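All remarks here apply to the structure that follows.
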Amino acid sequence: MWKKSNQKKFEKRTSLTLHIFLLTTFLLFAACGITYAFIAWATPTTWLSIAVKDINENTLLLLEQLEQSNRPKANEIIQNFLQNNAVSITITNEEGLIQSYQYTENCAVYQSDVMVTSSVASSFPADTDLAIGTSFPFRFSSEDTVYFLTVHPQLTAAANQTEQALLKVLPTLAVFILGLSFTVSFFYSYYITRPILRLSKISEKMAALDFSSSCSENRRDEIGTLSQNLNSLSLHLSSALSDLKKANHALQKDMEKERLLKKQQTTFFSAASHELKTPITILKGQLSGMLAGIDIYQNRDKYLARSLAVTNRMEALVKEILTISRIQTIDSLVSSSSCSLLQIVEQVIEQLQELIESYQHTFSIDILPDFFLQADETLFKRAIANLLSNAVIYSPAGSQIQILLQKDKNNAFLQIENSGITIPEEAIPYLFDAFYRVETSRNRETGGSGLGLYLTKRILDLHGYTCQILNHQNSVVTLIKFY
C-alpha cells in the first residue's frame, strides 16, 4: 500500500513535466523534420536556378571574349570556360558541325582550326535571360561567315548527387535531431515545471493546514505573481486559522464553564432541596401534632417556639439561596466603586459586636487607612461578614482574632487568623462547597446552613479575588488575595 501510494503521488507530481517533455520533443523533432524536408526539396531547385543564371552570364562574357581573340587564344578561352562551368559547347555553321567541346572531369577540350573573325555577341543586352540550348550567332575575325555557339549544361547529375548526399546524411541527422530534441526538452520542461511543482507542494501543505512553508520564486512573470499571491493566501489563512483556534479554545472554555456552572447549579439546588426538606418535614410534623392534639404536643407554646425557630432558619436559608441565585445570573458587578477596606472591616465588626461580646473575643486590626479597592460594597461587606462570623462562632471563647493587611509591590493580602482551633486537613478542599459542614452530625445549631463560605467564594470570584483557608500551627488562617 505504501509503495502504491508513493507511486501515485510521484506520477501525479511528474505528469506535468512528462507532458511538457513529450510535447516539446515532438514539436522540436517535427520542426527539424519539416525543415530538412524543405531543404531537401529546395536545395537542388535553388542550386539549378543559380547554376543556370551563372552559365547565362558566363556565356555572354564568353561571346564578348571570343570576338576580341584570335584563334589560339579562342581555344584557351573556351577551355577556361569549360573548367568553370559544367557545360558542353558545339560550334556550327549553316552547313553543320564545325567543332565540339565536351565537359569532362579533367575538362579536356577538343579544338578545331576555325578562327574567330568577328562577333555579334555585343548585340545582346547584358540582362538578357539566355535559354539553355539556344544557338548564339557570332563571326570569326577573318571571315564573314556566321557561326553558332550552342551551350549544353551538365547539371542533372550534380543535382542528383546533392539529393543523394542529403538522403545519405538523413539517418545521422535524424539521430542528432532526436538527441538534441530530448536534451532541449528535458532542460526546458524542468525549467518550466520546477516552480510549478514547488507551488504544487506548498499548496498540498496548505490543503493539510500546514502554513509553515513559503514560495521563494522572485520572478516577475505570472508564476512570480502566483507565488506572491500564494504566500499572501498562506499568511491570511494561517492568521485566520490561528484566530479560529483561539476562538474555538475560548468557546470550549466557555462551554466547559457553562457545563460546570450547570452542574454546580444542579448540585446546589439538589442540596438546597434536601436542606429545605428536613425543616419542612419537622415543621409539618409539629403543626400536625398540635392540631391533632397528640399528647406530646399538648404544650403548644413550647412547640410553637420550636416551629418558629425552624421557620427562622428556613427564612435565612431561603435568603441565602436567593442571594446566590442573583449572583449566578449576573456577569459583572451590579455596582463598582472605590471602597476603604478598613471602613468595611470596622462596619462588619460593629454589626457583629453583640455576637463577639457573647464569645468574649478580642480583635486586632492592622489595615492601612489609605488602602482602597474596587468592589460592590454591599456584596463585599457580605463576604467579609461571613468570614468574620465564622471566625467568631468556631473559635473557643476568649480567643484572639487578628485582621492584617499584607502588601508589597506585586501582591496584597487580607489575612484573618483565629487562634485556638484547626480544621481537619481532609475537610479543607471542601470548605467552599455548598451545604458542606465540617461536623459530620450536620448539627444546625453549630454548623449553620453550609452556604456561608460558598456564598463568600462566589462574591470574591465575581470581583476577581481569590480566597484560601489553611491551618497554621494552632490557628486557622483565611487569605484573600486582591492582586
Side-chain angles (χ1 to χ4, degrees), residues 264 267-268 271-272 274-275 278 313 316-317 320 324 341-342 344-367 371 380-408 411-461 463 465-483:
Q264 289 176 347
T267 304
F268 174 79
H274 178 77
E275 291 294 327
T278 301
R313 288 200 301 271
L317 180 60
E320 289 188 341
I324 292 170
L341 180 60
L342 179 60
I344 291 175
V345 171
E346 288 176 344
Q347 289 173 5
V348 171
I349 291 176
E350 186 176 352
Q351 292 174 1
L352 299 175
Q353 191 62 40
E354 186 177 347
L355 182 63
I356 294 171
E357 290 177 353
S358 66
Y359 281 92
Q360 300 178 354
H361 293 323
T362 58
F363 272 81
S364 172
I365 303 175
D366 185 7
I367 300 177
F371 184 80
F380 191 75
K381 190 181 296 183
R382 180 70 177 273
I384 297 298
N386 286 342
L387 293 174
L388 291 180
S389 63
N390 279 351
V392 171
I393 293 172
Y394 295 110
S395 296
S399 298
Q400 173 76 21
I401 299 176
Q402 295 181 347
I403 304 175
L404 174 65
L405 176 65
Q406 297 179 339
K407 185 180 178 183
D408 56 29
N411 300 293
F413 294 92
L414 178 64
Q415 177 179 311
I416 303 173
E417 182 177 0
N418 51 308
S419 58
I421 189 173
T422 58
I423 301 173
E425 292 294 334
E426 64 275 7
I428 290 179
Y430 306 101
L431 292 177
F432 294 104
D433 292 350
F435 301 106
Y436 181 80
R437 299 181 185 86
V438 177
E439 292 87 349
T440 56
S441 64
R442 297 174 67 88
N443 189 310
R444 268 66 178 178
E445 298 297 330
T446 60
S449 66
L451 290 176
L453 290 178
Y454 178 80
L455 178 59
T456 298
K457 188 174 188 307
R458 296 294 300 175
I459 293 173
L460 294 176
D461 287 343
H463 286 78
Y465 304 148
T466 60
C467 185
Q468 182 182 10
I469 298 177
L470 47 87
N471 291 319
H472 179 66
Q473 295 180 356
N474 190 31
S475 62
V476 176
V477 176
T478 303
L479 290 175
I480 299 177
K481 182 180 179 180
F482 297 115
Y483 54 82

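In this text, all values refer to a predicted model and were calculated from it rather than measured experimentally.
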Pairwise side-chain contact, F380 with I344, heavy-atom cut-off 4.5 Å (strictly under): yes
Separation between CG of D366 and CD of Q402, rounded to the nearest 0.5 Å: 9.5 Å
Residues in salt bridge (Lys or Arg N to Asp or Glu O under 4.0 Å) contact with D461, at least two apart in sequence or another chain: K457
Among T478, I403, L387, L404, the one residue meeting side chain to side chain contact (heavy atoms under 4.5 Å, CB included) with L414: I403
Heavy-atom donor-acceptor pair, S395 side chain to V392 backbone, under 3.5 Å: no
Donor-acceptor pair, side chain of N471 and main chain of I423, under 3.5 angstrom: yes
Under 3.5 Å side-chain donor-acceptor pair for Q400 and S419: no
Min side-chain heavy-atom separation R382-L455 under 4.5 Å: yes
Aromatic ring proximity, centroids under 6.0 angstrom, F482 and Y465: yes
Non-hydrogen atoms of I421 and V476 that approach each other most closely: O-CG2, 3.4 Å
Side-chain touch L405/L341, heavy atoms, less than 4.5 angstrom: yes
Test side-chain contact (heavy atoms from CB on, under 4.5 Å) applied to Y359 and I393, step by step: CA-CA 8 Å; Y359 281 92; I393 293 172; 4.0 Å; yes
Residue Q353 excluded, over 12 heavy atoms near CD under 6.0 Å: yes
For the student: nearest non-hydrogen atoms of N411 and K481, plus distance: OD1-CE, 3.3 Å
L453 side, atom CG; Y430 side, atom OH - distance, nearest 0.5 Å: 16.0 Å
Test item: H361 side-chain N/O and S399 main-chain N/O as donor-acceptor pair under 3.5 Å: yes
Working for side-chain contact (heavy atoms from CB on, under 4.5 Å), residues L342 and F371: CA-CA 8 Å; L342 179 60; F371 184 80; over 6 Å; no
Rounded distance [0.5 Å steps], NE2 in H472 versus CD in E417: 6.0 Å
Minimal non-hydrogen separation, S389 against L352, with atom names: N-CD1, 3.8 Å
Nearest non-hydrogen partners of I480 and C467, listed with the distance: CG1-SG, 4.3 Å
Student check: side-chain heavy atoms of T362 and I401 closer than 4.5 Å: no
Closest non-hydrogen atom pair, A385 against V348: CA-CG1, 3.5 Å
Full working for side-chain contact (heavy atoms from CB on, under 4.5 Å) between I356 and L388: CA-CA 10 Å; I356 294 171; L388 291 180; over 6 Å; no
Heavy-atom pair of closest approach, residues L470 and Q468: CD2-NE2, 3.6 Å
